[in-house]
Amino acid sequence: MEIVESPIRLVLVDDELHVRRGLSMAFSAEDDLQVIGEADDGNAALALVQELHPDIVIMDVRMRSVDGLTATKQLKEAEPDVRIIVLSLLDDICTRRAAEAAGARAFVGKQEGSERLVTTIREVAAAI
């Protein structure tokens, strides 16, 4: 097994616990990815990101309380260097454009699977 000197530190933001747990399990199989925190809405995400300073935030769009697009915009205002990947079942051109306008670096549809998400995380992390 290869030793990774500096794993990509992730915060997962999704209001569904089973989604966060599934992503955590998928990422635990990757030596270069480390989940350092989880939040269930945009407000919690903002506080957590300011506390933990992750490399990348994985952000759902639809959430109770503060939605992911609003949270993405707020995070970018508070932490301009934060890199956000929007992960959503709402995979259409309008949602993709809204995510980009809010400041997301990438968008992955949930139906694309964890392999696509892992690839995107590595691409976003490499594009510093």
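- Ionic pairing of Arg62 and Asp14 is not present here: no N-O contact between side-chain nitrogen and carboxylate oxygen is shorter than 4.0 angstrom.
- Of the residues listed (Leu75, Ile85, Val49), the one engaging Met59 in a side-chain contact (heavy atoms from CB on, under 4.5 Å) is Leu75, and it is the only one.
- Leu33 and Val124 fall within the same hydrophobic cluster, defined by Ile, Leu, Val, Met, Phe, Trp and Tyr side-chain heavy atoms under 4.5 Å apart, directly or through other members.
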> Would Arg83 and Asp55 count as a side-chain contact (heavy atoms from CB on, under 4.5 Å) if you check the C-alpha gap in whole Å, the side-chain angles of each, and the deciding distance to 0.1 Å?
Replying inline: CA-CA 7 Å; Arg83 292 171 277 179; Asp55 299 311; 4.0 Å; yes
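- The pair Arg122-Glu30 meets the salt-bridge criterion, since a charged nitrogen lies less than 4.0 angstrom from a carboxylate oxygen.
- The two residues Ala45 and Ala39 come nearest to each other via the heavy atoms N-CB, 3.6 Å.
- Remark: Glu100 CD is loosely packed, at most 12 non-hydrogen atoms of other residues, nucleotides or ligands lying under 6.0 Å away.
- Interatomic distance, NE2 of His53 versus CD1 of Ile36, reported as 9.5 Å (0.5 Å rounding).
- Follow the hydrophobic side-chain contacts under 4.5 Å out from Phe107 and you reach Leu90 in the same cluster.
- Within a 6.0 Å sphere centred on CD of Gln111, heavy atoms belonging to other residues, nucleotides or ligands number more than 12.
- For the residue pair Glu38 / Ser24, a side-chain donor-acceptor distance below 3.5 Å is found, with atom types taken as modelled.
- Taken together through direct or relayed side-chain contacts under 4.5 Å among Ile, Leu, Val, Met, Phe, Trp and Tyr, Val19 and Ile56 form part of one hydrophobic cluster.
- A donor-acceptor pair under 3.5 Å is absent between the side-chain atoms of Lys76 and the main chain of Ala104, judged by distance alone.
- Heavy atoms only, all atoms of each residue included: Met63 and Gly42 are closest at CE-N, 4.0 Å.
- Transitive grouping of hydrophobic side chains (ILVMFWY, heavy atoms separated by less than 4.5 Å) brings Val35 and Leu23 into a common cluster.
- Here CG of Leu48 is found 12.5 Å from CG of Asn43. Values are rounded to the nearest 0.5 Å.
- With Thr95 contributing its side chain and Asp91 its backbone, the two residues share no donor-acceptor pair below 3.5 Å.
- For Lys110, the NZ atom is densely surrounded, since the number of other residues' heavy atoms within 6.0 Å is greater than 12.
- At a threshold of 4.5 Å between side-chain heavy atoms, the hydrophobic network of Ile, Leu, Val, Met, Phe, Trp and Tyr places Leu10 and Val108 in one connected group.
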> Given the rule in the side-chain contact (heavy atoms from CB on, under 4.5 Å) test, do Arg105 and Glu123 qualify, once you have shown the distances and angles that lead to the verdict?
Replying inline: CA-CA 10 Å; Arg105 293 272 184 107; Glu123 291 170 354; over 6 Å; no
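- Minimum interatomic distance between Val57 and Pro54 (heavy atoms only, all atoms of both residues): CG2-CG, 3.9 Å.
- By the 4.5 Å heavy-atom criterion applied to side chains, Leu17 and Asp40 are not counted as neighbours.
- Residues Arg64 and Glu16 are paired through a salt bridge, judged by an N-O separation under 4.0 Å between the basic side chain and the carboxylate.
- Residues Thr70 and Gln74 form a side-chain contact, since some pair of their non-hydrogen atoms from C-beta on lies under 4.5 Å apart.
- The structure places OG1 of Thr120 at 11.5 Å from CD of Glu115, a figure rounded to the nearest 0.5 Å.
- A side-chain contact (heavy atoms from CB on, under 4.5 Å) with Asp60 is found for exactly one of Leu12, Asp67, Asp15, namely Asp15.
- Atom CG of residue Asp32 and atom CZ of residue Arg9 lie 14.5 Å apart, to the nearest 0.5 angstrom.
- Counting all heavy atoms, side chain and backbone alike, Ala102 lies closest to Thr72 at O-CG2, 3.6 Å.
- Tested against Ile58 for a side-chain contact (heavy atoms from CB on, under 4.5 Å), the candidates Val11, Val13, Ile121 yield a single pass: Ile121.
- Note that NZ of Lys73 is 12.5 Å distant from CD1 of Ile84, once rounded to the nearest 0.5 Å.
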